[in-house]
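Please read the structure below before turning to the comments.
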Amino acid sequence: MSETVLANTAAVEPVIQLTDVNKWYGDFQALRDINLNVDRGERVVVCGPSGSGKSTMIRCINRLEEHQRGTIVVDGIELTDNLKNIEAIRSEVGMVFQSFNLFPHLRVIDNLTLAPMWVRKMPKKDAEQLAMQYLERVQIPEQAYKYPGQLSGGQQQRVAIARALCMQPKIMLFDEPTSALDPEMIKEVLDVMVELAESGMTMIVVTHEMGFAKTVADKMVFMDDAEIVEVATPEVFFENPENDRTKLFLSQILTH
Amino acid sequence: MVDSAAPLPGQKPAAEPAATKTTTPPPVEKIGVLRWLKENLFSSPFNTVLTIITLFLLADWIPSFFQWGVIDAVWYTTDHNVCRAADGACWAVVAEKHRPMLFGVYPYEEHWRLVVALIVYMITIILTLTPRFWNLKILVPLWIVGGGTVALMLWGGLFGLTYVDSSQWGGLPLTMVLFTGTVVIGFPISILFALGRRSHLPAIKAICVTLIESMRGVPLITILFVAVNVFPLFLPEGMEIDKLFRVIVGMAIFFACYQAEVIRGGLQAIPRGQYEAAEALGLGYWQHTVKIIMPQALRICLPGIVNHIIAALKNTSFVLIIGLFDILTATTAVMQDPLWRRFFVEAYLFVAVVYFIFCYALSKYSQKVEGWLSEGRRF
């Protein structure tokens, strides 16, 4: 799988294109004129103060939120009200949530095989084989027959990553994946994400883990007050940011 | 559920971490009868007073009930005068009248068919409720054979059995038909109503809200009257739908409207994240409803669901007012007999025991199901 992704990296067309995207909640503008292109295999880290629209932006990419103006094109498919398009995009885009959102009534293995069996129509045996493969990749195959409630937070988040990977997505979205974790569990999840990044997966990660950002990001995106303020490589972003708001934000989170 | 908990062939079951440290047991408490009494019956002056009053009342009632119900009781006689002479209960009335009480106005010499029907019915229900048989390859044939046998026994008209019209059905089998029909038809409808009421499609939502609110706004008796007396007026001439079936459908819709609100409560308790995770995986509406949302919602509101199922069992006695003889109505009718009518208390106690057995079994079963559903899980 990683080979194919790497081979496609050469393709010119960005895999995600956001053009003049706007969104409002009632009168409150959550996204203002968002423009962002993500190439195949590119790792984008989005940061910014809370309420700046980071989560809203990535949730628009798989239509968990609806944008009201502008266009979003994912892997050549434009997101409209067309349900077929939405489902096609969702099966190509994996998502990992802050609060894991595992299905508590299903065992880990059933959490993983559900979508491949029902959406991809994969036979049960193949789906289980695939699931075990990804559980090994996130290093918890021994938890396969437990329920999510019996796992630690870090283990649950790794299961959630494996669940998303089981759909063999082209793109992975991470919405603050470590924010709900105890400090000692953050590393195990970040390790899995670093490994995933090294395999060539296209990733958009909303996070405040700046160490992780420095390690894996190809592109840093800083958002504030519903708009993208600055886009830069990590070197430029951390050493020499242009915008004053970026400087202020970095000084606030990097003081410790 | 239980089946799927078993490890797959060829896969090792999840290894339990070996206990490496010896654990100390909790401190030994003084456990015993006296401690229990002190904690539960005499923990405060108020509770002590309540306990003493209760004991006093029990001491007064239990011996006199025992005297009436057991020592002075007449257990068996065919002569009502023996009962009249006795000071205690006349349980003989149950033996004397059990057939019309249990089977109503069904032709007397065909009562054996009802016994067969009840036995087959009970076996079918018990097997259906046993997790080991939760497999459509077993359940579907079971329901076809079980339902077919019950229908054949009740209606007859085949294999030399005389035909008995549904208007002549009565007693316990009628109660069972009404109850089962109500739940089997009503439960799927209640799920659809609950989903419909939360639908984003305005037309579906409006229909469900209107139906639920209007059905909940009228008494069950009104619905039965409409089903029996008003509904046929709207049918084209010459068309007739069996009265019993109309009654069952009326009761089922009434049941569904209440049940829908219980299930809606369960649906609202499911966190938004469950829907989002399911949608993000590409599952469609029906897929995530069937696989993700409903199993969790039904588990949450199981006590409420069982509550309404038990109510549905007891609501079957409302058919009294439209001339159907369920077990309670049949008993009332039988107790019109001037020779035995003074022993109606014993007859009704018997019916009460029958109702209690079924209701208690239902509530015990629901507790078991709750146990199965929470196995290996804390959330």
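Values below: all heavy atoms of this structure, side chains included; hydrogens, waters and symmetry mates excluded. Keep in mind that this is a model prediction, so the values were computed, not measured.
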As an exercise, state the distance from [atom1] of [X] to [atom2] of [Y], rounded to the nearest 0.5 Å.
| X | Y | atom1 | atom2 | answer |
| --- | --- | --- | --- | --- |
| A:F103 | B:L281 | CZ | CG | 5.5 Å |
| B:L298 | A:H105 | CG | NE2 | 10.5 Å |
| A:N101 | B:R272 | CG | CZ | 10.0 Å |
| B:I292 | A:L114 | CD1 | CG | 4.5 Å |

Can you sort out the partners of B:V306 under side-chain contact (heavy atoms from CB on, under 4.5 Å), two or more places apart, ordered by chain and number?
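B:L302, B:I310, B:S366.
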So which part of A:R59 gets closer than 4.5 Å to some heavy atom of chain B, the side chain, the backbone, both or neither?
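The answer is the side chain of A:R59.
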Whether over 12 other heavy atoms sit under 6.0 Å from A:K125 NZ
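No, the 6.0 Å shell around NZ holds no more than 12 heavy atoms from other groups.
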Counting heavy atoms not belonging to B:F133, are there more than 12 under 6.0 Å from its CZ?
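Yes, CZ of B:F133 has more than 12 neighbouring heavy atoms, counting only those of other groups under 6.0 Å.
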Does the A:N62 side chain pair with the main chain of B:A280, one donor and one acceptor, at a distance under 3.5 Å?
no
Over all atoms of both residues, closest heavy-atom pair of B:Q274 and A:L102
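Looking at all heavy atoms of both residues, the closest pair is NE2-O, 2.7 Å.
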Residues in residues 64-97 of chain A that sit under 4.5 Å from chain B, counting heavy atoms only
A:L64, A:E87, A:R90, A:V93, A:M95, A:F97
